[in-house]
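So the structure is just underneath, and the comments pick up after that.
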There are 2 protein chains.
Amino acid sequence: MIEELKDNYGHFFENELIEEINQVGSFKEVEEGFELIRPGSYIKTMPLIISGAIKVLREDSDGDELLLYFLERGDTCAMTLSCCLGHHKSEIKAIAETYTKLVMVPVEKMEEWTTKYKSWKNFVFDSYHKRLIEAIETIDNIAFLKMDDRLLKYLKDKTKINNDHVVYNTHQQIAYDLHTSRVVISRLLKKLENEGKVKLNRNNIEVINI
Amino acid sequence: MIEELKDNYGHFFENELIEEINQVGSFKEVEEGFELIRPGSYIKTMPLIISGAIKVLREDSDGDELLLYFLERGDTCAMTLSCCLGHHKSEIKAIAETYTKLVMVPVEKMEEWTTKYKSWKNFVFDSYHKRLIEAIETIDNIAFLKMDDRLLKYLKDKTKINNDHVVYNTHQQIAYDLHTSRVVISRLLKKLENEGKVKLNRNNIEVINI
DNA sequence: GCAATGCAGTAACATTTGTTACAGAGTGCT
DNA sequence: AGCACTCTGTAACAAATGTTACTGCATTGC
């Protein structure tokens, strides 16, 4: 585990901190679709992502969903951070987007380290900043973009995150993430296909040129 | 100034910190409508709000606006925080919603204090958490609510922030905040009036029962 | 092979939101 | 009073999005 920590967090963290993470953290591998965080739960460990990707969703009281953003290697979940440090409930849901490797760090340590290691404190501040920016970007998208542009952006993000120009999703799944209906997504995808930007297959979408 | 600091931040901060804020901070009073932060600018001082309210907006490249949230007594601007600590550009615009009293703290101190005072570090973490939550609530509103509910929520927030059941705004101003058109707001307000929830006057809206 | 199931395509329609245009009422100024 | 200006109300229309219903195709399991 220590090698993977060094590779992914070595430029942020001092060696001592890496060693400490290695001692108290537990290594975890999860399959695609694994639910890491459910809304309303209290969180006792914090994930540091080694590889893979996690998608973070907002869920409203009716169970309607909306994709907030993706987390990647080197990221951590700011909501978990603030839940741990502030002892609040989770407001979000996190699901493994791909097969993902994580190191889980217990809450108590996190707080201790914000005093002990400057690099950890900065990492925490930086994570907050990034998540705040991403939340605001999500607001931009919903508020200023129409559904066709949001769909395009979604496809772009997916291909980037998964490093694959084919998006293995049904129209229904995309509709959930963007909080709209399957019919709307099918309609817009068809339009994109006619424009030569994607090729539609069963259960996947080839992104050609966007 | 020190009395006002003690009254508003005394429960968070140690006396020494209060004293230090008093020494290095500068007191500032701004009129309603004063632009505190403009997007793209670098920020060199951080505001602590003593009294009044500030509205924080997102602006897109076309100059379209969207209200993100209000800040009140005891709050600070998380975006300023992260801009200062991370030395990024501002992504938002902040305007005094009412006559507002502030203490402006220079950036250098802010960073120093995160190490020196535990209460300051926690205040910073807590501010981040609150802003992240509010950004996510804004996402909820835009994504899950229709315009009529968003308008209702806006009126509620305004009456609360200004502590006045009359909202002194033109329909056009509300339309800017909610990123829609004046006609839409007029239409929906008329509907609310017919439902007995508001009373419409020239340049103001009496909130009756929402 | 055949039934059951899930997925995608499409039409027809409803609703919500945005746009344009214009009228009238209130306000402030001279 | 007369004028310019801003604000609000309203109609008529356009566009975007959401809903329902039905079709056929591919896959799976029997």
Side-chain angles (χ1 to χ4, degrees), chain A residues 33 60 62-67 138-155 158 166-208, chain B residues 33 60 62-67 138-155 158 166-208:
Chain A
D60 84 347
D62 302 338
D64 289 341
E65 292 187 347
L66 179 76
L67 175 67
T138 304
I139 291 176
D140 278 8
N141 293 339
I142 310 175
F144 299 133
L145 299 186
K146 300 217 180 281
M147 194 55 81
D148 50 356
D149 285 327
R150 287 178 60 201
L151 176 58
L152 265 180
K153 197 171 178 326
Y154 177 86
L155 293 173
K158 273 279 207 184
V166 184
V167 174
Y168 295 93
N169 263 353
T170 66
H171 299 183
Q172 182 62 69
Q173 287 170 324
I174 298 176
Y176 282 139
D177 283 350
L178 297 180
H179 190 247
T180 179
S181 76
R182 197 270 307 168
V183 181
V184 171
I185 296 297
S186 295
R187 183 156 64 205
L188 293 175
L189 280 173
K190 207 69 208 167
K191 209 180 79 186
L192 289 179
E193 190 176 42
N194 292 335
E195 291 167 3
K197 292 181 180 168
V198 300
K199 183 166 179 308
L200 302 180
N201 304 308
R202 187 181 175 82
N203 289 320
N204 74 69
I205 300 157
E206 289 174 49
V207 175
I208 311 278
Chain B
D60 83 347
D62 303 338
D64 289 341
E65 292 187 346
L66 179 76
L67 175 66
T138 304
I139 292 176
D140 278 7
N141 293 338
I142 310 175
F144 299 133
L145 298 186
K146 299 210 180 287
M147 193 54 82
D148 50 356
D149 285 326
R150 288 179 59 201
L151 177 58
L152 265 180
K153 195 168 180 328
Y154 177 86
L155 293 173
K158 273 279 207 182
V166 184
V167 174
Y168 294 94
N169 263 353
T170 66
H171 299 182
Q172 182 63 69
Q173 288 170 323
I174 299 176
Y176 282 139
D177 284 349
L178 297 180
H179 190 247
T180 179
S181 76
R182 197 270 308 165
V183 181
V184 171
I185 296 297
S186 294
R187 184 156 64 205
L188 294 175
L189 279 173
K190 206 69 207 169
K191 208 179 81 185
L192 290 180
E193 190 175 42
N194 292 334
E195 291 168 1
K197 292 180 181 168
V198 300
K199 184 168 179 307
L200 301 179
N201 304 308
R202 188 182 174 82
N203 289 321
N204 74 70
I205 299 157
E206 288 174 51
V207 176
I208 312 278

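Below, all heavy atoms of this structure are taken into account, side chains as well, without hydrogens, waters or symmetry copies. Chain letters run A, B, ... following the sequence lines, proteins first and then strands; every chain starts at 1.
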Nearest-Å distance for atom pair NE2/P, residues H171(B) and dC7(D):
11 Å
Within a radius of less than 6.0 Å around CZ of F144(A), do more than 12 heavy atoms belonging to other residues, nucleotides or ligands occur?
yes
Just so I know, are the side chains of D60(B) and D140(A) near enough to count as touching, which here means a heavy-atom distance under 4.5 Å?
no
Euclidean distance, atom CD1 of residue I185(A) to atom C1' of dG9(C) [Å, nearest integer]:
15 Å
Heavy-atom protein contacts under 4.0 Å, nucleotides 12-22 of chain C, coded B base, S sugar-phosphate only, - none:
B---SBBBB--
To the nearest angstrom, the CG-C1' distance between L200(A) and dC25(D) comes to 15 Å
Atom pair distance, as rounded to whole Å: CG in L192(B) and P in dG9(D)
12 Å
What contact category does L189(A) fall into here, base, sugar-phosphate, or nothing, at under 4.0 angstrom with non-hydrogen atoms?
nothing
What are the two closest non-hydrogen atoms of L200(A) and E193(A), and how far apart are they?
N-OE2, 3.0 Å
Roughly how far, to the nearest 0.5 Å, is OG1 of T170(B) from CG of N203(B)?
7.0 Å
N204(B) CG to dG26(C) P, in whole Å, measures 14 Å
Length of the line joining Q173(B):CD and dT8(D):P, which is rounded to integer Å
9 Å
Can you tell me how far P of dC7(C) sits from NZ of K190(A), to the nearest Å?
17 Å
Between I174(A) (CD1) and dG18(D) (P), how many Å, whole number?
15 Å
pair I185(B)-D177(B): side-chain heavy atoms closer than 4.5 Å:
no
CA sep, side-chain torsions, deciding dist, call: V184(A), L178(A), side chain to side chain contact (heavy atoms under 4.5 Å, CB included):
CA-CA 11 Å; V184(A) 171; L178(A) 297 180; over 6 Å; no
For the side chain of R202(B) and the base of dT6(D), is some donor closer than 3.5 Å to an acceptor across the two?
yes
